[in-house]
Amino acid sequence: MSVAEAHHRDITGGWLRPAVFGVMDGLVSNAALIAGVVGGGASASTVAITGLAGLAAGAFSMATGEYTSVRSQSELSLAEMEIERREIHRNAEAEERELALLYESRGVEPGLAREAARQLHRDKEVAWRIHTREELGIDPDDLPSPWTAAISSFVSFSLGALVPLVPFLVGVPSLGLAVLLTVLALFTTGAVVAKLTARPWWYGGLRQLLLGGAAAGVTYTIGTLFNVTLG
């Protein structure tokens, strides 16, 4: 790792977005699911089974979706990169002029831009990597891993979904305790994400708390209405 790279965090490895999305989704979706069935008058055992089913279904769905999404994006990137490689081999002069014009558009003096492009095109592999980064915005050495995305989302969703379910699994079937744990988890994860993205921790925590609380409140209300209607 270079000195410049040491000052930055790894944001391209394919794990951060699915991990963050997974834990948030697990927290909100399972808390909302549990709130809904509790509002509908379900027994503690039914709530536990429903919560476990929601955890398993959501975790596998998240993992499958992330794997397919990242894999498809990587395959598309590889296809576009191969097109760029063929262009460099078939029409190297045109590609060299294209790179020079690109540098000029970014403020490099025309003569210097042409010389930089000429030197880079002395090695077609180097030229291909430069064109791939500059034209496609893709780093051929740092494509996200679909397996990393899938595993990150599976684990994080499971952890998030487990939080509101804990009281019903340990024999304390209390919606109040489940809500308390969920509130703390929502605020904490929101605050942590805010710190990672250089935003105020309290803003991230409150934002996530409001969004998750609104979802759980809606499902609880729906469950209560159905309980009254069908009861």
Side-chain angles (χ1 to χ4, degrees), residues 1-25 62-63 65-153 156 188-208 210-211:
M1 178 180 288
S2 67
V3 174
E5 290 172 338
H7 294 290
H8 298 281
R9 291 164 290 189
D10 177 18
I11 60 173
T12 58
W15 65 271
L16 181 59
R17 186 189 65 84
V20 170
F21 181 57
V23 71
M24 295 295 190
D25 193 23
M62 281 283 295
E66 285 292 339
Y67 178 88
T68 303
S69 174
V70 174
R71 182 68 182 225
S72 298
Q73 183 62 44
S74 294
E75 289 172 349
L76 177 60
S77 297
L78 290 170
E80 291 298 316
M81 288 159 56
E82 186 57 32
I83 291 174
E84 192 63 36
R85 186 192 294 275
R86 289 198 299 267
E87 288 297 317
I88 289 174
H89 282 272
R90 290 175 180 174
N91 201 348
E93 291 184 1
E95 290 294 311
E96 183 179 321
R97 288 194 297 271
E98 184 179 7
L99 185 59
L101 290 173
L102 178 61
Y103 286 151
E104 286 184 45
S105 71
R106 295 183 176 178
V108 180
E109 295 180 359
L112 181 58
R114 289 193 296 272
E115 178 60 21
R118 185 189 67 80
Q119 292 191 28
L120 290 170
H121 268 261
R122 289 185 299 192
D123 186 326
K124 285 185 169 57
E125 184 66 17
V126 171
W128 168 72
R129 292 179 181 278
I130 295 297
H131 278 272
T132 297
R133 293 188 179 97
E134 297 291 346
E135 294 182 34
L136 303 178
I138 301 171
D139 186 346
D141 299 317
D142 198 20
L143 292 176
S145 165
W147 282 111
T148 298
I151 294 171
S152 296
S153 61
S156 59
T188 300
T189 51
V192 169
V193 171
K195 290 292 288 184
L196 288 174
T197 55
R199 292 181 178 273
W201 62 270
W202 56 266
Y203 173 79
L206 287 176
R207 179 180 61 181
Q208 194 57 40
L210 289 174
L211 293 173

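Any value given below was found using the heavy atoms of this structure, including those in side chains, with hydrogens, waters and symmetry copies removed.
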Would you give the length of the straight line joining atom [atom1] of [X] to atom [atom2] of [Y], rounded to the nearest 0.5 angstrom?
X    : Y    : atom1 : atom2 : result
S145 : I151 : OG    : CD1   : 7.5 Å
H131 : E87  : NE2   : CD    : 10.5 Å
K124 : I88  : NZ    : CD1   : 9.0 Å

Where do [X] and [Y] come nearest, in terms of heavy atoms and distance?
X    : Y    : value
A117 : A100 : CB-N, 3.8 Å
A194 : W201 : CB-CA, 3.9 Å
G22  : S156 : CA-OG, 3.4 Å
W128 : E84  : CD1-C, 4.0 Å
S77  : L143 : CB-CD2, 4.2 Å

Exercise for the section: Would you check if V193 and F21 make a side-chain contact, meaning some heavy-atom pair closer than 4.5 Å? Expected result: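 Side chain of V193 against side chain of F21, heavy atoms only: no contact under 4.5 Å found.
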Problem - Flag side-chain contact, heavy atom, 4.5 Å: T132 against D139 - result: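 No; the side chains remain at least 4.5 Å from each other.
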Practice task
Kindly say whether A150 contributes a backbone atom to a donor-acceptor pair with the side chain of S153 at under 3.5 angstrom?
Solution key: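 Answer holds: yes.
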Practice task
Indicate yes or no for a side-chain donor-acceptor contact from S152 to the backbone of A149 under 3.5 Å, with no hydrogens or angles considered.
Solution key: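 A pair under 3.5 Å: no.
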Practice task
Using ring-ring contact (aromatic ring centres under 6.0 Å, His included) as the criterion, list what pairs up with W202, not counting sequence neighbours.
Solution key: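 Residues passing ring-ring contact (aromatic ring centres under 6.0 Å, His included) with W202: none at all.
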Handout entry: Heavy-atom neighbours of R199 CZ exceed 12 at 6.0 Å
Key =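 Not more than 12 within 6.0 Å, no.
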Handout entry: CZ/R71: more than 12 non-hydrogen atoms of other groups inside 6.0 Å
Key =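 Open.
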Handout entry: Of all pairs that satisfy salt bridge (Lys or Arg N to Asp or Glu O under 4.0 Å), the ones with a partner from residues 96-114, not counting sequence neighbours
Key =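 Counting only pairs at least two positions apart or across chains, the salt bridge (Lys or Arg N to Asp or Glu O under 4.0 Å) contacts touching residues 96-114 are R106-E134.
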Handout entry: Test applied, side chain to side chain contact (heavy atoms under 4.5 Å, CB included); reference residue, L99; option that passes from E135, R118, H121
Key =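 Result: among E135, R118, H121, H121 is the only option passing the side chain to side chain contact (heavy atoms under 4.5 Å, CB included) with L99.
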Practice task
Go through the structure and list residues passing side-chain contact (heavy atoms from CB on, under 4.5 Å) with R129, not counting sequence neighbours.
Solution key: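 Counting only residues at least two positions away or on another chain, R129 forms a side-chain contact (heavy atoms from CB on, under 4.5 Å) with E125, R133, P140, D141.
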